[in-house]
Amino acid sequence: MTTTQIQPAVRVRGLVKRYGGRAVVDGLDLDVHVGEVFALLGPNGAGKTTTVEILEGLRRRDGGEVRVLGADPATGDRAWRARIGVVAQTTGDGNALTVRETLDHFAAYHSRSEETDELIAAVGLTESAGTRAARLSGGQRRRLEVALSMQGRPELLFLDEPTTGLDPVARRQFWSVLQRLRSGGTTILLTTHYLDEAAHLADQVGVIDAGRLADVAPPDEMGGDLRLRSTVRWREDGGFRTVVTTEPAVVLRDLLNTGPRADLPDLTVTRPSLEEVYLQLVGAAPVAETGTVPSSTDVQGALR
Amino acid sequence: MTVTAAPTGVRAVDRPAPPGALRIGLARIGLELRLYLRDPGQVVFSFAYPVIMLLIFGSVFGGETTGPDVRFEDYFLAGIAATGIMLTSFQAVGIAIAEERERGDLGRLQLLGTPPAAYVIGKAGQVVVTTAAQLALLLTVASLAYDVPMPSDVGRWLTFGWVALLGILAGTVLGIAVSPFVGSARAASAGITGFSVVLQFFSGVFFVFAELPTWMQQVAAVFPLKWLTQGMRSVFLPDRAAAGEVAGSWEHGTTALVLGAWVIIGVVVCVRTFRWRRGEG
Ligand SMILES: Nc1ncnc2c1ncn2[C@@H]1O[C@H](COP(=O)(O)OP(=O)(O)OP(=O)(O)O)[C@@H](O)[C@H]1O
Ligand SMILES: [Mg+2]
């Protein structure tokens with residue numbers, strides 16, 4: 001009894017959900033570790049919301065094993081609910097209560113809750129604190145949802161496309177809110193269609209496609225081999241030349257040593273972005289030719 | 001050897017138990033009342049409708065009598081009071097829940113793990129307050145403008161109290177009970193209002209109940225409104241008017257029984273069918 005086995009905050013094995021006989025989640029495995037930010041990516045209809053809502057205990061599952069904070073969400077009680085926070089993908093129309101009244105009211109539902117003023121400031125609604133929810137803009141209502149989800153200081157936050165509809169400034173503001181929560185120890189599972197968001201926030205990124213997890217990795221390692229190929233690109237004879245390689249340094253040395261001129265106009269070396277890797281994973285972009293390092297003569301030829 | 005982690009291994013947090021249903025329910029009464037007052041449609045409809053009904057009946061039938069020398073104004077005040085109770089309980093609650101579901105309010109309550117009892121407390125509290133205000137307004141107008149005599153003995157006010165309270169309870173739980181079946185907010189508004197109007201015709205609100213066709217009386221006797229109306233007549237009409245009732249008496253026992261039964265039926269249906277969201281599959 002000297003070690004405590006730390007189990008993941010979310011553990012899913014072989015999750016299946018069917019609608020009308022069609023499996024929209026089809027044998028999904030997922031682990032979200034305590035304290036990490038996990039971003040779930042995937043095309044429209046991939047099964048992200050379905051999965052997240054099963055984890056939240058809002059939808060029943062047809063198969064598989066699910067543990068969220070040690071409990072089965074299908075039978076999660078109030079004490080369990082108090083430990084999770086949720087921002088759903090869709091926001092309601094809002095009612096006739098103001099932002100402040102809404103937050104003050106829902107404080108009564110938690111045994112401990114964040115200060116209303118702090119929540120309002122954190123999501124940037126100070127100016128609109130006295131506006132009725134029904135009269136807020138879509139993005140402002142979204143921010144109110146985010147504030148409500150954090151109000152009870154949950155250990156685990158589910159955020160289904162939390163920043164959809166937010167302007168770029170609000171999005172960055174939201175990122176810093178999440179980063180603060182994360183450093184406070186909150187575990188976060190979010191879905192997003194913004195690859196930069198996943199790259200910026202997440203410790204782990206999972207790509208879900210057709211109801212299965214296609215890949216899981218930290219954002220800068222996602223895609224494995226795909227990620228190691230760099231593209232060297234420069235201008236020549238009014239056009240661009242590109243070389244795909246796993247060893248860009250070698251290519252550059254050859255270029256600089258053997259070329260007739262010292263300058264290489266518009267020279268860039270790029271590694272595939274998370275977005276490019278993602279597009280390949282979900283089969284929306286052709287996989288780049290396996291890079292063969294060009295020989296010096298190739299490069300000379302290219303430069304001539 | 002000290003193992004501090006929770007059995008699951010998840011970060012142990014000494015989180016106190018969430019607040020109880022009563023505390024949340026009391027907070028919800030305030031919220032419900034505020035939302036009610038900010039809905040001009042609701043306020044105008046539930047406060048003005050009974051008074052307008054009274055004005056119409058007063059001008060159409062003023063001075064006429066029915067049965068054993070009972071003024072029409074007095075007779076119909078009972079029906080209007082009963083209708084008012086149905087309006088602020090059954091009708092208002094049934095329509096409001098459909099709207100709350102559409103606005104996402106109920107989804108939020110579900111996510112917070114709100115005890116359904118807290119929600120019911122909030123609704124019932126709001127209905128009691130709005131109904132009391134509405135009846136006070138109606139009775140004031142009736143006594144000032146139409147000289148409808150208000151009961152002077154405690155016994156009649158006690159009758160008024162228990163009849164109104166059972167009516168409010170039945171209306172509230174039945175309003176919640178029908179909410180899973182009424183569909184969208186628009187459909188709920190049309191369906192519930194239509195049903196209520198028909199029930200008013202059958203229950204002796206617009207006509208003298210004893211003069212309705214027997215089959216209508218029999219249908220009406222199944223539903224609470226007829227009993228609520230009859231109970232109100234026993235409060236506002238003189239004792240001799242009991243002779244004009246179908247049974248020749250006020251039937252207080254049966255009234256309590258039928259209204260009580262509807263409260264129980266409503267609670268059972270609520271417990272079995274109430275869902276925060278529609279169509280989870
Ligand atoms: N209640 C439902 N009834 C029938 N089919 C459903 C239901 N909910 C979801 N689906 C189907 O399940 C699939 C996955 O839907 P889901 O909402 O989980 O996708 P998603 O990954 O969240 O997509 P998006 O990025 O567009 O939000 C879709 O094909 C959808 O049509
Ligand atoms: Mg979705």
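Numbers restart at 1 for each chain; the letters A, B, ... are given by sequence-line order, proteins then strands.
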For this session: Mark yes or no for whether B/R15, through its side chain, and A/A82, through its backbone, hold a donor-acceptor pair below 3.5 Å.
Result: yes
Exercise. Can you say whether A/H105 sits under 4.5 Å from chain B via the side chain, the backbone, both, or neither, judging by heavy atoms?
Worked result: side chain
Exercise. Between B/R34 and chain A, which part of the residue has a heavy atom less than 4.5 Å away: side chain, backbone, both or neither?
Worked result: side chain
Problem set entry | Region of B/A27 in contact with chain A, defined by heavy-atom distances below 4.5 Å | both
Problem set entry | Contacting region of B/R108 [heavy-atom separation from chain A under 4.5 Å] | side chain
Seminar exercise, completed: Under 4.5 Å to a heavy atom of chain A? For B/L26 that would be neither
For this session: For chain B, find which of A/D93, A/L97, A/I84 contributes the most heavy-atom pairs closer than 4.5 angstrom.
Result: A/L97
Exercise. Roughly how far, to the nearest 0.5 Å, is CZ of A/F106 from CG of B/L109?
Worked result: 5.5 Å
Exercise. Would you find more than 12 non-hydrogen atoms of other residues, nucleotides or ligands less than 6.0 Å from B/R186 atom CZ?
Worked result: no
Exercise. Around A/E115, counting heavy atoms of other residues, nucleotides and ligands shown, do more than 12 lie under 6.0 Å from its CD?
Worked result: no
Exercise. Contact part of A/E53 toward chain B, heavy-atom cut-off under 4.5 Å: side chain, backbone, both or neither?
Worked result: side chain
Exercise. Between B/P18 and A/S111, which heavy-atom pair has the shortest distance, and what is it?
Worked result: CA-CB, 4.2 Å
For this session: Identify which of B/G104, B/A118, B/G113 forms the greatest number of heavy-atom pairs closer than 4.5 Å to chain A.
Result: B/G113
For this session: Give a yes or no on whether A/R13 atom CZ has more than 12 heavy-atom contacts from other residues, nucleotides or ligands under 6.0 Å away.
Result: yes
Exercise. What is the distance from atom CG of B/L31 to atom CG of A/N95, rounded to the nearest 0.5 Å?
Worked result: 7.0 Å
Problem set entry | Distance in Å, A/L58 CG paired with B/Q110 CD, rounded so as to fall on 0.5 Å steps | 5.0 Å
Problem set entry | B/T114 OG1 to A/R78 CZ distance, which is reported to the nearest 0.5 Å | 7.0 Å
Problem set entry | For chain B, the option from A/E145, A/E101, A/Q151 that forms the most heavy-atom pairs under 4.5 Å | A/E101
Exercise. Measuring heavy-atom distances to chain A, does B/E99 have an atom under 4.5 Å in its side chain, in its backbone, in both, or in neither?
Worked result: neither
Exercise. Using non-hydrogen atoms only, which part of B/R103 is less than 4.5 Å away from chain A: side chain, backbone, both, or neither?
Worked result: both
For this session: Starting at CZ of A/R81, measure out to CG of B/L111 and round the result to the nearest 0.5 Å.
Result: 6.0 Å
Exercise. Which atoms of A/R67 come close to chain B, meaning under 4.5 Å heavy atom to heavy atom: side chain ones, backbone ones, both, or neither?
Worked result: neither
For this session: Using a cut-off of under 4.5 Å on heavy-atom pairs, state which of A/D62, A/D77, A/T90, A/V86 scores highest against chain B.
Result: A/V86
